[in-house]
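I have placed the structure first, in the form of structure tokens, so that the comments after it can refer back to it.
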Amino acid sequence: MDTETLENRQISLQAENEALKKRITELEKQLEAYDFSLFSYPKVVENAPISFTRVLQDTQGYALANKEFTRQSGYTREEFNSLKDEEILGSIHKDDLDGFLKAHEKWCDSNFKDTFRYMYRIINREGKTIWLDVYYYAELDDNGVPYAIDQIHVDITERINAERALRESENKYRRLTESVPAAIFIYSDSTFLYGNEYSKNITGYSVKEMIGKNFWELVHPDFRELVKERGIARLKGEIQPSRYEVKILDKYGNEKWLDYSGTAINFQGESAVLGVAYDITELKRTQHALMDSEQKYRTLIENMSEVILYVDNDDKILFVNDNAIKMFGYSKSELMGANAGDLLIHQDYREFARERIKLRSHGFADRYEVQMVKKTGEVMWVEISGAPLKDLDGNIIGSIGLHSDITDRKKYENTIESSLKQKELLLKEIHHRVKNNLQIISSLIKLQSAHIGDKEILSLFSESQNRIKTMALIHEKLYRSVDISVIEFYDYVKNLVDSLYTTYGISIDRVKPVIEFRSIYLDIDTSIPCGLIINELISNCLKYAFPGKKEGKILLNLTEDSPQCYTMTIKDNGVGVPEGIDFNNSTSLGLKLVKILSEQLGGKVELNRQNGSEFIIRFKSANYLRRT
């Protein structure tokens, strides 16, 4: 090689060297602002925990892609270069794609000024969503035209998830502090640093008004020194009661009771106190009201004329009022803890009393009478009103009994009961004698009728005799009844109907009697008119409804439509009442009696002539009529 050639080569190398120095200087200036220096260290770049790539502008292919890029995307450099543009863009999360494209376009339009930075999500080859924080830097030639784009992709998925979890946690605790029905606040050096929204409900101050306000100023003067002393000590780390009741003055000067809890915490690097306060003003009022009520009831119980005893489930006495001392003669110390049944109940009634205690242990209240014994041995009659005694949870822990001395009353009751028995015997004797007298009259009529040859007159005598029997039968029932004020009407009607069938010689197989009601009780003043009405109408049925050998049946029913208001129905399927007979203006004594007796009971009679005869009588009991 000649000298000239060497000189030319040297000049060329010097020029290239100067250009290289200039390029290095430019890169150094760029790298002062952007940390892309690692691209100069292939091994470091290849193994870095950050994705490094370089995209050549002329080919739009990746000239460099390290291992982290492959981990993030799931593609090697060669595989990624083989992807179409729509496939590459498709890997960007659909919710982030539009924003990324607009930001990138803006960076390109700015002639790649400064560093492009954007955070977005990708869906990698395995379908996993990854958050990326990307940095793009354009490599420019001497003419300011980019020949490559250097890219850094930082996987920030864990950071994003941690931030999201932190936000969710913050939101959860914020919702908790804002939803709990208590004032939650933080103070340090006597100044409020934080307060939730509910604090306004208690203090009257908005959160904005609370922040910076002196904590002690809210405390009622009666409690201010105590709360201040404990608060300062707590800020110093000293152990103080964590929960106590305190009174404050709200924004409007109203006194409020709080259930307050304080805990020492570190807040923003300083010692502080976290306070939680529940408004217990109403509870305090209720407590005071209960105390007043308890005092009133205690005064009432101690001054009652009756004896009050509380016993547990084993019948041990838990409480007695002062009147127990007067009634039984024992001192309070002798009564307390003693077994009430063994000490006070007469031996003949102890088993009975134990059964009543068992009932109350199952939640039943009752009232009963027993004989009890004083300390002196004197026996007295006592009425006990007992009820279960329960604790605050509703569990039965014993019973309470109100004891009244009824010894004098029992004496009067025995006297009255004896008198009533005598009068009852007298009334039964009267009914017996009335029944006997009516039977004598019936017998006299029967003897007299034996001398009458006129069949029509004889029939009148027979009907009168039946009416007398009807009344006599009621007195017979009352005489034999346990309760002489009423009679069981079904039994009476059955006997009456049987008697009428016998009188008229009608077989129950030919004309069947059907009594449809049961268990209705009527007083004597109602029973007699009803019995006479039944006598007249059943007699008419037996005499006229079934001539010759005609068969049929007679239905008789009595219903109580409302208290002491009744409907009686007597129906037959015989020939029926002739159309020519006007029931309301009948000359028949029997039908006249039916109308008169119905009106006597405050009722009326309806006649239905279809398919035989049906008499419907609606009436009220005599007792009801007397009251009205």
Side-chain angles (χ1 to χ4, degrees), residues 424 427-428 430-432 434-436 438-439 442 463 465-504 506 508 511-542 553-572 590-591 593-607 613-628:
E424 186 176 332
L427 283 172
K428 284 192 173 185
I430 290 172
H431 284 302
H432 183 57
V434 169
K435 183 263 298 184
N436 288 342
L438 288 173
Q439 285 182 339
S442 177
E463 290 172 2
Q465 190 177 4
N466 285 337
R467 292 173 187 134
I468 292 170
K469 286 181 179 179
T470 299
M471 293 185 287
L473 185 58
I474 288 177
H475 289 284
E476 171 70 14
K477 292 295 179 185
L478 287 172
Y479 170 68
R480 298 186 182 281
S481 175
V482 175
D483 184 356
I484 63 172
S485 62
V486 293
I487 67 169
E488 203 287 301
F489 205 61
Y490 167 78
D491 187 53
Y492 164 74
V493 170
K494 187 177 183 306
N495 289 338
L496 175 60
V497 171
D498 289 345
S499 176
L500 291 173
Y501 267 73
T502 301
T503 299
Y504 291 102
I506 303 296
I508 60 173
V511 179
K512 184 178 180 181
V514 180
I515 303 173
E516 297 183 325
F517 69 91
R518 297 289 188 280
S519 299
I520 289 183
Y521 292 83
L522 298 178
D523 60 87
I524 184 173
D525 292 334
T526 306
S527 299
I528 290 176
C530 285
L532 289 171
I533 291 172
I534 293 170
N535 174 76
E536 298 301 328
L537 294 178
I538 296 295
S539 295
N540 277 348
C541 289
L542 297 176
K553 64 180 177 180
I554 300 173
L555 301 178
L556 195 155
N557 194 20
L558 178 64
T559 59
E560 187 172 9
D561 304 322
S562 59
Q564 302 195 48
C565 294
Y566 303 89
T567 297
M568 184 165 62
T569 305
I570 298 174
K571 180 179 180 181
D572 68 75
L591 294 180
L593 278 174
V594 170
K595 186 172 182 298
I596 292 169
L597 292 169
S598 299
E599 291 172 353
Q600 180 181 321
L601 292 172
K604 60 179 182 179
V605 185
E606 297 177 17
L607 173 59
S613 300
E614 181 182 23
F615 288 87
I616 302 171
I617 302 104
R618 294 182 175 85
F619 63 93
K620 299 177 177 61
S621 73
N623 286 339
Y624 177 88
L625 294 172
R626 279 196 294 270
R627 287 202 304 271
T628 56

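Values below: all heavy atoms of this structure, side chains included; hydrogens, waters and symmetry mates excluded.
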To the nearest 0.5 Å, what is the distance between [atom1] ([X]) and [atom2] ([Y])?
X      : Y      : atom1 : atom2 : value
Lys595 : Leu607 : NZ    : CG    : 13.5 Å
Glu536 : Ile534 : CD    : CD1   : 11.5 Å
Leu532 : Leu597 : CG    : CG    : 5.5 Å
Tyr490 : Phe517 : OH    : CZ    : 8.5 Å
Ser621 : Asp523 : OG    : CG    : 6.0 Å
Ile538 : Phe615 : CD1   : CZ    : 10.5 Å

Would you indicate whether the side-chain heavy atoms of [Y] and [X] approach each other to under 4.5 Å?
X      : Y      : value
Phe619 : Ser598 : no
Asn557 : Met568 : no
Leu601 : Cys530 : yes

message: Suppose we screen for salt bridge (charged side-chain N to carboxylate O under 4.0 Å, His left out). Which residues come up paired with Lys494, at least two apart in sequence or across chains?
response: Asp498
Quick check: does any side chain N or O of [X] sit under 3.5 Å from a backbone N or O of [Y], one acting as donor and the other as acceptor?
X      : Y      : value
Ser499 : Asn495 : no
Thr526 : Leu522 : no
Glu488 : Tyr492 : no

- prompt: Who pairs with Lys553 by side chain to side chain donor-acceptor pair (under 3.5 Å), at least two apart in sequence or on another chain?
  reply: none
- line: Here the pair of heavy atoms bringing Leu537 nearest to Leu591 is CD2-CD2, 4.5 Å
message: Please give me the minimum heavy-atom distance between Gly602 and Lys620, naming the atom from each residue.
response: O-NZ, 4.4 Å
Can you sort out the partners of [X] under side-chain contact (heavy atoms from CB on, under 4.5 Å), two or more places apart, ordered by chain and number?
X      : value
Thr567 : Thr559, Asp561, Thr569, Ile616, Arg618
Ile508 : Tyr501, Pro513
Lys604 : Glu606
Cys541 : Ala545, Ile554, Asp572

task: Give the C-alpha distance, both sets of side-chain angles, the deciding distance and a yes or no for side-chain contact (heavy atoms from CB on, under 4.5 Å) between Leu556 and Val493.
output: CA-CA 9 Å; Leu556 195 155; Val493 170; 4.0 Å; yes
